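Presented below is the structure to which this report refers.
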Amino acid sequence: FYGTTPGQRTGHAPTASIALNDRPIGKSKIYFGWSGEAAYLVRQDNIDDPTTNRSLWRFDGGPSLRAPLSSLPYLTATGQISYRLTRWLDSYDPTTGLVVPVALTRQLLSLNASVVGPVFARVFNTPNNSYAERFKHLIEPSFGIQRTTPFRDFDRVIKNDYAVDTMVGGVTTMNYKITNR
């Protein structure tokens, strides 16, 4: 509730999640993982106005394959491909903007490559320090690039959950950072 105006309702009703953490395929260095979720997402912007109800069922999940591309101890390179299938049982009507009981399915294929390193490490000996005898300092630069296949009906998606519903297809993302610890 916000002052004297009506409140809003957000959350999850029944939700079921399942995941298979990355495991090697046989004796290879290729890892397979899978995750899935079925959830009823509750979202009503004004409790007194039923037309603001955007609650819906959503099913989301998919497999992924990951493989190390480098065996150097100071440089880690990894490639990954993942498939994601999301199905909403309701969607926006593109002409009226109203919520309609028309299912919408999104399929995204994502290719990802990441490099961490070269890692710079130094151990500082501190024999007279009462806290620790040594301190380790690491500097890790990293770079990643990801390409996702296009999804043309993004404007029809009812955006209740910002982790899944706002994923945009057809983009290339690059990130870089330096971790100092």
Side-chain angles (χ1 to χ4, degrees), residues 9-44 54-92 99 101-119 121 136 138 140-181:
R9 180 182 298 135
T10 59
H12 291 244
T15 300
S17 299
I18 187 168
L20 172 67
N21 292 332
D22 286 354
R23 301 211 184 260
I25 298 174
K27 295 186 180 195
S28 71
K29 292 190 178 195
I30 298 174
Y31 294 84
F32 172 79
W34 183 85
S35 66
E37 178 184 67
Y40 185 75
L41 305 174
V42 177
R43 178 81 184 244
Q44 188 169 358
R54 300 185 321 206
S55 301
L56 57 81
W57 278 99
R58 181 188 70 204
F59 305 93
D60 179 60
S64 66
L65 289 173
R66 181 177 55 86
L69 304 174
S70 170
S71 60
L72 300 172
Y74 56 87
L75 185 70
T76 305
T78 306
Q80 181 172 341
I81 184 169
S82 60
Y83 172 76
R84 187 167 200 152
L85 177 70
T86 307
R87 183 156 176 88
W88 298 269
L89 295 188
D90 295 329
S91 62
Y92 282 128
V99 175
V102 176
L104 177 64
T105 301
R106 175 183 66 192
Q107 299 180 56
L108 295 177
L109 184 67
S110 179
L111 301 169
N112 187 349
S114 62
V115 176
V116 177
V119 176
K136 186 174 185 179
L138 294 172
E140 297 175 336
S142 65
F143 173 78
I145 185 166
Q146 180 179 4
R147 174 70 184 159
T148 306
T149 56
F151 175 65
R152 309 238 185 268
D153 290 328
F154 183 73
D155 58 339
R156 293 186 51 213
V157 175
I158 298 172
K159 294 159 190 75
N160 287 333
D161 181 338
Y162 295 102
V164 175
D165 298 341
T166 59
M167 291 177 63
V168 179
V171 295
T172 300
T173 305
M174 292 187 289
N175 60 55
Y176 57 91
K177 65 181 177 179
I178 294 178
T179 303
N180 182 23
R181 55 179 148 193

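The basis for the numbers below is simple: all heavy atoms, side chains too, and nothing from hydrogens, waters or symmetry mates. It should be emphasised that the depicted structure is a prediction, and the values quoted were computed from it without experimental measurement. The first residue in the sequence is number 1, and the count goes up from there.
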(request) In sequence, state the C-alpha distance, the side-chain angles, and the governing distance for T148 and T173, and then conclude on side-chain contact (heavy atoms from CB on, under 4.5 Å). (result) CA-CA 9 Å; T148 306; T173 305; over 6 Å; no
(message) Is it the case that atom CG in L85 sees more than 12 heavy atoms from other parts of the structure closer than 6.0 Å?
(response) yes
(message) Please give me the minimum heavy-atom distance between P101 and D90, naming the atom from each residue.
(response) CA-OD1, 3.2 Å
(message) So, taking the atom named CG in L56 and the one named CH2 in W88, what distance separates them when rounded to the nearest 0.5 Å?
(response) 9.0 Å
(message) More than 12 heavy atoms of other residues, nucleotides or ligands under 6.0 Å from OH of Y74: yes or no?
(response) no
(request) Kindly confirm or rule out a cation-pi arrangement of K159 over Y92, judged by NZ or CZ under 6.0 Å from the six-membered ring centre and within 45° of its axis? (result) no
(request) Compare every heavy atom of Y31 with every heavy atom of P24, then report the nearest pair and how far apart it is. (result) N-CD2, 3.5 Å
(message) So which atom in G169 and which in L108 form the shortest heavy-atom distance, rounded to 0.1 Å?
(response) CA-CD2, 3.9 Å
(message) Please enumerate all residues that pass side chain to side chain contact (heavy atoms under 4.5 Å, CB included) together with L111, with sequence neighbours excluded.
(response) I81
(request) Please lay out, stage by stage, how R58 and V157 fare under the test side-chain contact (heavy atoms from CB on, under 4.5 Å). (result) CA-CA 11 Å; R58 181 188 70 204; V157 175; over 6 Å; no
(request) Specify the closest pair of heavy atoms between I158 and D165, including all atoms of both residues, with the distance to one decimal. (result) O-OD2, 3.4 Å
(request) List in chain and number order the residues that pass side chain to side chain donor-acceptor pair (under 3.5 Å) with E140, two or more places apart in sequence or in another chain; answer none if no residue qualifies. (result) R181
(message) Can you give me the closest heavy-atom contact between R43 and S55, atom names plus distance?
(response) N-OG, 3.0 Å
(message) Is it the case that over 12 heavy atoms from other parts of the model lie below 6.0 angstrom from the CD1 atom of I178?
(response) no
(request) Report yes or no: is the cationic atom of R87 (NZ for Lys, CZ for Arg) under 6.0 Å from the centre of the six-membered ring of F59, at an angle within 45° of the ring normal? (result) no
(message) For R84, is there an ion pair with D60 - N to carboxylate O distance below 4.0 angstrom?
(response) yes
